[in-house]
Peer 1: 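Quick one: structure below, then a few questions.
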Amino acid sequence: MAQDNGNRHVPAHVAIVMDGNGRWARKRLMPRLAGHRQGMEALKRCIQACVARGVQVLTVFAFSSENWNRPADEVSGLMDLLLKAMNKEVPQLHAEGIQLHFPGERQALSDNVRAGLAQAEELTSQNKRLILNVCFNYGGRWDIVQAASQLAAQGEAITESSLHAHMALRHVPDPDLLIRTG
């Protein structure tokens, strides 16, 4: 639900599907990875704008489970970009009071990436200024299946309420605004 900040209404939860980085780079005759790096810079500006405007939750869909079908060198480059960003940006995000979550399936990720995600979440777990969900190796169908599987394994009925309680984004309200870049 949007908050009333004076004369303007600010969405409490903004979600962004990050799309079009490769096309941006191709249009400029640059490698696709340059587009992904530019997308990271745009995300940094977006985070600052959300903090400045009082948005409570920002969710970005950064790497979908379908992205594994991209060329191996691009996937490897994206993983390297993620690791570099975590090393460089997480301390600054923590200092700014931003709480990080990385919803998504982690088994397919390298040990280094899994450890980095867990460390970033732990370090920022008490921060309250903005919740930043970076959905990485996330897919909506995956989320439904993993939530339903947990319920089935526990012998619980699958209802709308119980399913929601096991979803990867259960810690935040549904988005008020969804943006697809590109």
Side-chain angles (χ1 to χ4, degrees), residues 13-51 55 57-96 98-125 127 130-147 167-172 175 177-182:
H13 184 175
V14 175
I16 302 173
V17 178
M18 297 175 72
D19 191 20
N21 294 330
R23 287 186 298 277
W24 180 91
R26 186 174 57 240
K27 193 176 194 180
R28 289 159 179 80
L29 304 174
M30 300 169 81
R32 289 179 62 87
L33 222 45
H36 296 304
R37 282 191 287 276
Q38 187 62 34
M40 185 74 70
E41 293 303 314
L43 175 57
K44 287 167 41 176
R45 291 189 303 273
C46 184
I47 292 167
Q48 294 308 312
C50 286
V51 167
V55 172
V57 180
L58 174 62
T59 297
V60 294
F61 296 91
F63 185 89
S64 75
S65 48
E66 291 82 28
N67 287 151
W68 292 106
N69 296 326
R70 293 179 180 212
D73 61 333
E74 183 177 356
V75 172
S76 176
L78 285 166
M79 296 300 157
D80 288 344
L81 184 61
L82 174 64
L83 284 170
K84 287 176 186 170
M86 283 193 298
N87 289 330
K88 181 180 176 192
E89 305 299 335
V90 168
Q92 180 63 34
L93 293 170
H94 177 54
E96 293 176 15
I98 297 171
Q99 185 181 124
L100 289 165
H101 294 267
F102 296 94
E105 199 283 307
R106 295 188 186 185
Q107 273 186 308
L109 304 176
S110 72
D111 291 342
N112 286 347
V113 171
R114 282 198 308 269
L117 299 179
Q119 289 169 358
E121 287 175 332
E122 177 62 29
L123 175 67
T124 64
S125 65
N127 294 343
L130 172 76
I131 295 173
L132 174 59
N133 297 304
V134 180
C135 296
F136 201 84
N137 198 24
Y138 177 92
R141 291 182 180 131
W142 163 83
D143 201 1
I144 293 167
V145 168
Q146 68 83 26
M167 299 290 282
L169 290 167
R170 65 188 165 271
H171 62 283
V172 295
L177 175 64
L178 174 64
I179 301 166
R180 182 173 183 144
T181 64

Peer 1: Just checking R180: does its CZ atom have more than 12 heavy atoms from other residues, nucleotides or ligands closer to it than 6.0 angstrom?
Peer 2: no
Peer 1: By side-chain contact (heavy atoms from CB on, under 4.5 Å), which residues pair with R141, not counting sequence neighbours?
Peer 2: none
Peer 1: Going from OG on S76 to CZ on R70, what distance comes out if it is rounded to the nearest 0.5 angstrom?
Peer 2: 14.0 Å
Peer 1: Rounded to the nearest 0.5 Å, what's the gap from NE2 on H94 to CD on Q99? Could you check?
Peer 2: 11.5 Å
Peer 1: Just by distance, do the side chain of T124 and the backbone of N127 share a donor-acceptor pair under 3.5 Å?
Peer 2: no
Peer 1: Looking only at atom types and distance, does a side-chain atom of T59 sit under 3.5 Å from a main-chain N or O of I16, one as donor and one as acceptor?
Peer 2: no
Peer 1: Atom CG of L117 and atom CD of E122: how far apart are they, to the nearest 0.5 Å?
Peer 2: 13.5 Å
Peer 1: Would you mind writing out the side-chain donor-acceptor pairs for residues 82-89 within the sub-3.5 Å range, not counting sequence neighbours?
Peer 2:
from : atom 1 : to  : atom 2 : distance (Å)
N87  : ND2    : L83 : O      : 3.3
E89  : OE2    : K44 : NZ     : 3.2

Peer 1: Nearest 0.5 Å, what's the CG-CG distance between D73 and D80?
Peer 2: 11.0 Å
Peer 1: Just to verify, what does A118 make a side-chain contact (heavy atoms from CB on, under 4.5 Å) with, not counting sequence neighbours?
Peer 2: R106
Peer 1: Taking all non-hydrogen atoms of both residues, which atom of E121 and which atom of L100 are closest, and how far apart?
Peer 2: CG-O, 3.4 Å
Peer 1: For N137 and G104, indicate whether the former's side chain and the latter's backbone hold a donor-acceptor pair under 3.5 Å.
Peer 2: no
